[in-house]
Amino acid sequence: MARRLTDEPQSLLIRDPISGTLITLYYRVPTSEERVAYQTSAFRMEGQQRQLRLGETRLKFGLEILIGFAPGDFSVLRDGQEVPLDPDTDSDWKEHLGHHAADLVSFLGQYVFEGLRVETVGSQARGE
């Protein structure tokens with residue numbers, strides 16, 4: 001299947017290690033500028049030492065490209081009641097995910113910005 005060069009939203013299906021359910025995250029394809037910024041923010045100079053900042057970078061850029069999730073995949077407590085989190089009506093939905101589901105959002109950042117693999121000749125024939 002060819003790669004579609006489009007601005008249409010993409011999706012990533014993840015098995016959540018906390019709930020054990022499948023979670024669908026919707027995201028936009030990052031811009032070239034965001035890809036460069038991701039790479040440069042993964043490291044920071046502190047004095048003469050280079051510090052690895054992958055965790056913060058993955059979360060920050062994961063939140064930037066995240067545009068939603070499947071209905072019912074996340075819930076919050078409001079007035080003692082569990083209610084579905086809804087990106088269309090809850091303006092703070094990204095803050096909820098960044099705080100309580102940082103592992104999933106960070107994985108999204110890692111997957112989209114670092115997920116490229118190189119195929120070798122014959123790897124497709126071996127089923128890799």
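Keep in mind that this is a model prediction, so the values were computed, not measured.
Side-chain atoms of D16 come within 3.5 Å of backbone atoms of S19 as a donor-acceptor pair (strictly under, hydrogens ignored). Not one N or O on the side chain of D73 forms a donor-acceptor pair closer than 3.5 Å with the backbone of F69. Under the 3.5 Å distance criterion, the side-chain polar atoms of Q10 are matched with a main-chain donor or acceptor of E8. In terms of modelled atom types and a separation under 3.5 Å, the side chain of K94 and the main chain of L66 share a donor-acceptor contact.
A heavy-atom distance below 4.5 Å is not found between the side chains of L12 and T24. Between L63 and L108, every side-chain heavy-atom pair lies at or beyond the 4.5 Å cut-off. Within the 4.5 Å cutoff, side-chain heavy atoms of F74 are placed close to those of I23.
Rounding to the nearest 0.5 Å places OG1 of T31 at 9.0 Å from CD of E64. The line from OG of S11 to CD1 of I67 is 9.5 Å long, rounded to the nearest 0.5 Å. Rounding to the nearest 0.5 angstrom, the gap separating the CD atom in Q51 from the CZ atom in F43 is 10.5 Å. Taking OG1 of T57 as the start and CD of Q110 as the end, the distance is 12.0 Å to the nearest 0.5 Å.
Residues Y27 and L22 do not share a hydrophobic cluster, clusters being chains of Ile/Leu/Val/Met/Phe/Trp/Tyr side chains in contact below 4.5 Å. Residue V29 is not grouped with residue V112 when hydrophobic side chains (ILVMFWY) are merged at heavy-atom distances under 4.5 angstrom, including chains of intermediate members. Linking ILVMFWY side-chain heavy atoms closer than 4.5 Å, directly or via other members, places V83 and L85 in a single hydrophobic cluster.
Shown here is Y26, whose OH atom has more than 12 heavy atoms of other residues, nucleotides or ligands within 6.0 Å. Within a 6.0 Å sphere centred on CD of E46, other residues, nucleotides and ligands contribute more than 12 heavy atoms.
Ion pairing between K60 and E56 fails under the 4.0 Å rule for side-chain N and carboxylate O.
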Stepwise, does the side-chain contact (heavy atoms from CB on, under 4.5 Å) test hold for L77 with Q81?
CA-CA 5 Å; L77 286 177; Q81 300 286 331; over 6 Å; no
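Side-chain contact, D103 with S106: no donor N or O sits under 3.5 Å from an acceptor N or O.
Sorted by first then second residue, the salt bridge (charged side-chain N to carboxylate O under 4.0 Å, His left out) pairs that include residues 24-41, not counting sequence neighbours, are R28-E34.
Ring geometry for F113 versus F61: interplanar angle over 60°, hence perpendicular rather than tilted (30 to 60°).
Minimum interatomic distance between I65 and P30 (heavy atoms only, all atoms of both residues): CG2-CB, 4.1 Å. Residue E82 comes nearest to S75 through the heavy atom pair OE2-OG, 2.6 Å, listed as atom of the first residue, atom of the second, then distance. When all heavy atoms are compared, the tightest approach of P84 to D90 is O-OD2, 4.0 Å.
Remark: Q39 pairs with no residue by the side chain to side chain donor-acceptor pair (under 3.5 Å) rule, at least two apart or across chains.
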